[in-house]
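See structure below.
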Amino acid sequence: VAMNPLEPVSQPTVNEYAGSSFGSIPPHPYAVAELAFARLGDPGPNAKNQACIVSGESGAGKTESSKIVVRYLSERSGGASDLAQKVKATSPVLEAFGNAATTRNPNSSRFGKFLKLLFDCSDKSQSAQLV
């Protein structure tokens, strides 16, 4: 669940969360992304596709949380280095089709976004599909 603290928060490094177990370090979108990344690479019958759902009220920080998760997964996987930047660059185009002002957010989207990150068999990010 995305929550806007209405103040700047510290930005940890990828290395602070890489390889950590969920709940062992302070809560952050990196922790959720690390859990998904770790389970993506589980060997044998535990290997499964992973999903991160970012939810919250208007203005809660869903878009920022999503960007943080994508950036983490791109850096953590060591794959396509510009993938996070390319995904981020699509936002203005999508937002032009469905944003409207609300009392809490002057630029609130009126649609959901589905982002699919694709990894190769060595867990390196390769590409993304945005629907």
Side-chain angles (χ1 to χ4, degrees):
V1 174
M3 294 176 50
N4 187 344
L6 302 176
E7 62 184 55
V9 295
S10 65
Q11 286 300 316
T13 65
V14 169
N15 290 338
E16 291 177 60
Y17 283 78
S20 65
S21 58
F22 192 73
S24 66
I25 48 183
H28 191 273
Y30 281 3
V32 174
E34 175 59 28
L35 179 63
F37 184 78
R39 291 194 175 162
L40 185 66
D42 280 347
N46 295 326
K48 294 184 179 165
N49 292 335
Q50 297 297 306
C52 296
I53 298 173
V54 181
S55 177
E57 289 186 355
S58 177
K62 297 177 295 294
T63 299
E64 275 308 305
S65 294
S66 297
K67 289 179 198 173
I68 291 168
V69 168
V70 170
R71 185 174 61 240
Y72 181 89
L73 291 171
S74 295
E75 288 182 34
R76 177 74 166 92
S77 70
S81 60
D82 61 346
L83 184 61
Q85 189 61 33
K86 287 180 178 178
V87 169
K88 185 179 174 182
T90 64
S91 288
V93 175
L94 289 174
E95 290 168 2
F97 291 103
N99 283 7
T102 67
T103 57
R104 299 178 101 189
N105 186 351
N107 197 29
S108 180
S109 62
R110 295 285 170 248
F111 54 89
K113 295 178 206 167
F114 176 79
L115 174 64
K116 184 177 184 178
L117 296 177
L118 305 171
F119 294 82
D120 66 13
C121 52
S122 64
D123 293 337
K124 290 194 184 299
S125 60
Q126 296 297 309
S127 64
Q129 295 175 342
L130 189 60
V131 179

Atom pair [atom1] ([X]) and [atom2] ([Y]), whose distance is rounded to the nearest 0.5 Å:
{"X": "Lys116", "Y": "Asn49", "atom1": "NZ", "atom2": "CG", "value": "7.5 Å"}
{"X": "His28", "Y": "Ser20", "atom1": "NE2", "atom2": "OG", "value": "12.0 Å"}
{"X": "Ile68", "Y": "Thr63", "atom1": "CD1", "atom2": "OG1", "value": "11.0 Å"}
{"X": "Leu117", "Y": "Ser77", "atom1": "CG", "atom2": "OG", "value": "8.5 Å"}
{"X": "Arg71", "Y": "Gln11", "atom1": "CZ", "atom2": "CD", "value": "6.0 Å"}

> Where is the tightest heavy-atom contact between Ser24 and Ser21, given as atom of each residue plus distance?
Replying inline: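 Where Ser24 meets Ser21 most closely, the heavy atoms are OG-O, 2.6 Å.
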> Closest heavy-atom contact between Gly19 and Glu34?
Replying inline: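 For Gly19 versus Glu34, the nearest heavy atoms are N-OE2, 3.0 Å.
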> Is any side-chain heavy atom of Pro29 less than 4.5 Å from a side-chain heavy atom of Tyr17?
Replying inline: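 Pro29 does not reach Tyr17 side chain to side chain.
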> Is there side-chain contact between Val70 and Leu115, with at least one heavy-atom pair below 4.5 Å?
Replying inline: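 Yes; the side chains approach each other to less than 4.5 Å.
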> Relative to the ring of Tyr30, is the ring of Tyr72 parallel (under 30°), tilted (30 to 60°) or perpendicular (over 60°)?
Replying inline: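 Plane angle between 30° and 60°, so tilted.
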> With no hydrogens and no angle check, is any side-chain donor or acceptor of Lys62 less than 3.5 Å from a backbone partner on Ser55?
Replying inline: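 No; judged by distance alone, with no hydrogens or angles, the pair does not exist.
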> Is the backbone of Thr13 close enough, under 3.5 Å, to the side chain of Glu16 for a donor and an acceptor to pair up by distance?
Replying inline: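 Between the backbone of Thr13 and the side chain of Glu16 there is a qualifying donor-acceptor contact (under 3.5 Å).
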> Applying the 4.5 Å side-chain criterion to the ILVMFWY set and letting contacts propagate, would Phe22 and Leu73 be lumped into a single cluster?
Replying inline: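 Cluster IDs for Phe22 and Leu73 differ.
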>> Between Val69 and Val32, is the side chain to side chain contact (heavy atoms under 4.5 Å, CB included) condition met? List the steps.
In response: CA-CA 8 Å; Val69 168; Val32 174; 5.6 Å; no
